[in-house]
There are 2 protein chains.
Amino acid sequence: MVVDQLHETELDRLFQAFADSTRRDIVRRVTVGEFSVSGLAALYAMSFAAVQKHVAVLERASLVTKEKRGREQIVRANHEGLQNARRLLDEYEHMWCQRVDRMADILAEG
Amino acid sequence: MVVDQLHETELDRLFQAFADSTRRDIVRRVTVGEFSVSGLAALYAMSFAAVQKHVAVLERASLVTKEKRGREQIVRANHEGLQNARRLLDEYEHMWCQRVDRMADILAEG
DNA sequence: CTAACCTACAACCAAATGGTTGTAGATCAG
DNA sequence: CTGATCTACAACCATTTGGTTGTAGGTTAG
């Protein structure tokens with residue numbers, strides 16, 4: 001099996017993490033530059049604590065890292081985690097394409 | 001913006017739909033063949049109604065279709081929806097790679 | 001030192017999720 | 001026709017989620 005049991009929890013966290021537009025936006029932002037948590041919080045119409053939670057979700061999914069710098073906490077893209085995410089999504093897509101193409105062939109033959 | 005506002009809801013539903021291992025498994029199964037809802041339900045250690053709900057989530061995310069055949073409801077892969085999902089995931093991956101690579105370059109230069 | 005700022009964390013709340021059971025309507029087999 | 005099967009749907013429940021406010025501690029600026 002391409003997608004084995006070991007990856008299941010990883011996929012759960014990954015898809016879960018991306019299943020929120022604020023979190024997707026945070027990922028987008030931090031892949032382009034650095035942001036403190038409060039810097040991120042300023043961007044959205046919600047409380048600091050809410051953004052803090054979103055960052056925590058992304059951190060648990062290994063998509064971002066936090067690093068203390070003075071009184072601020074700097075949020076950065078976790079490149080390793082993002083590459084891994086990319087790999088997992090690639091595997092998933094590849095699986096579909098194989099199967100979907102195979103079905104298409106079967107339908108064409110029939 | 002590559003990922004515009006129109007896609008946000010779509011992405012929400014897509015990632016949400018994939019954020020459950022049972023649903024991912026259902027997608028995997030129906031891309032390889034046909035299953036009635038009860039046929040699917042027999043595969044998992046949960047009630048028929050639970051599986052019915054999972055199928056409903058996948059249907060709302062345009063990943064599968066249901067078609068009545070006699071007293072059964074046949075669940076099939078929604079090829080169009082899956083291709084669209086693939087496209088969206090590709091866009092997302094591409095965005096990361098661009099940004100992550102750009103950051104890598106900046107770091108290498110610095 | 002003091003005040004402002006950034007963060008962590010707890011407590012709380014409403015709504016969504018993932019599951020259950022139960023009921024009722026179609027459809028098929030005998 | 002009758003009984004078994006497949007489905008739809010409602011009601012309910014526990015947990016998670018996405019949000020809030022409030023409190024407290026560390027850090028920086030003046």
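To find a chain, count down the sequence lines: A is the first, B the second, and so on, and within it residues start at 1. Values reported hereafter were calculated over all heavy atoms of this structure, with side chains retained and with hydrogens, waters and symmetry mates removed.
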Between atom [atom1] in [X] and atom [atom2] in [N], what is the gap in whole Å?
X     : N      : atom1 : atom2 : result
A:E72 : C:dC5  : CD    : C1'   : 9 Å
B:I26 : C:dG18 : CD1   : C1'   : 12 Å
A:R69 : C:dC5  : CZ    : C1'   : 15 Å
B:R13 : C:dT17 : CZ    : P     : 11 Å
A:R71 : C:dA3  : CZ    : P     : 16 Å
A:I74 : C:dC6  : CD1   : C1'   : 11 Å
A:L40 : C:dC6  : CG    : P     : 13 Å

I'd like to check the side chain to side chain contact (heavy atoms under 4.5 Å, CB included) partners of B:Q16; sequence neighbours left out, ordered by chain and number.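 B:Q16: side chain to side chain contact (heavy atoms under 4.5 Å, CB included) contacts with A:A19.
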Who passes side chain to side chain contact (heavy atoms under 4.5 Å, CB included) against A:A85, sequence neighbours left out? A:L14, A:L63, B:W96
NA contact type, [X], heavy-atom cut-off 4.0 Å: base, sugar-phosphate, or nothing?
X     : value
B:T22 : nothing
A:S47 : base
A:R23 : sugar-phosphate

Is any side-chain N of the basic residue among A:R87 and A:D90 closer than 4.0 Å to the acidic one's carboxylate O?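 Salt bridge absent between A:R87 and A:D90.
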Restricting to non-hydrogen atoms, name the atom on A:A17 and the atom on A:R23 that form the minimum distance, rounded to 0.1 Å. O-NE, 2.9 Å
Considering non-hydrogen atoms only, spot the tightest contact between A:G39 and A:S36 and give its length.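 It is N-OG, 2.9 Å.
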Does anyone know the first and last nucleotide of DNA chain D in reach of chain A, 5' to 3', at under 4.0 angstrom to a heavy atom? D:dT17 to D:dT28
Let me confirm one number: the [atom1]-[atom2] distance from [X] to [Y], rounded to the nearest 0.5 Å.
X     : Y     : atom1 : atom2 : value
B:D20 : A:L11 : CG    : CG    : 11.5 Å
B:H7  : B:L88 : NE2   : CG    : 5.5 Å
B:E59 : B:Q52 : CD    : CD    : 10.5 Å
A:R29 : A:Y44 : CZ    : OH    : 5.0 Å
B:L89 : A:F18 : CG    : CZ    : 9.5 Å
A:F48 : A:K53 : CZ    : NZ    : 12.5 Å

5'-most contact on DNA chain C: A:A49 or B:A45, nearest heavy atom basis?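 Here A:A49 is the residue nearer the 5' end.
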Phosphate-side-chain proximity, A:S38 and C:dC5, N/O vs OP1/OP2 below 4.0 Å: no
What residues in residues 50-63 of chain B put a non-hydrogen atom under 4.0 Å from any atom of DNA chain C?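 Residues of residues 50-63 of chain B under 4.0 Å from DNA chain C: B:A50, B:K53, B:H54.
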Ignoring hydrogens and angles, write down the donor-acceptor pairs under 3.5 Å from the side chains of residues 66-78 of chain B, residues two or more places apart or on other chains.
| unit_1 | atom_1 | unit_2 | atom_2 | d |
| --- | --- | --- | --- | --- |
| B:E67 | OE1 | B:R76 | NH1 | 2.5 |
| B:R69 | NH1 | B:E34 | OE1 | 3.3 |
| B:Q73 | OE1 | B:K68 | N | 3.0 |
| B:R76 | NE | B:E34 | OE2 | 2.8 |
| B:R76 | NH2 | B:E34 | OE2 | 3.0 |
| B:N78 | OD1 | B:E80 | N | 3.3 |
| B:N78 | OD1 | B:G81 | N | 3.0 |
| B:N78 | ND2 | B:S62 | O | 3.2 |

Closer to the 5' end of DNA chain D via nearest nucleotide, is it B:S36 or A:Q16? B:S36
Axis-to-axis angle between the two ends of the helix from C:dC1-D:dG30 to C:dG30-D:dC1 (five base pairs per end, rounded to 10 degrees): 20°
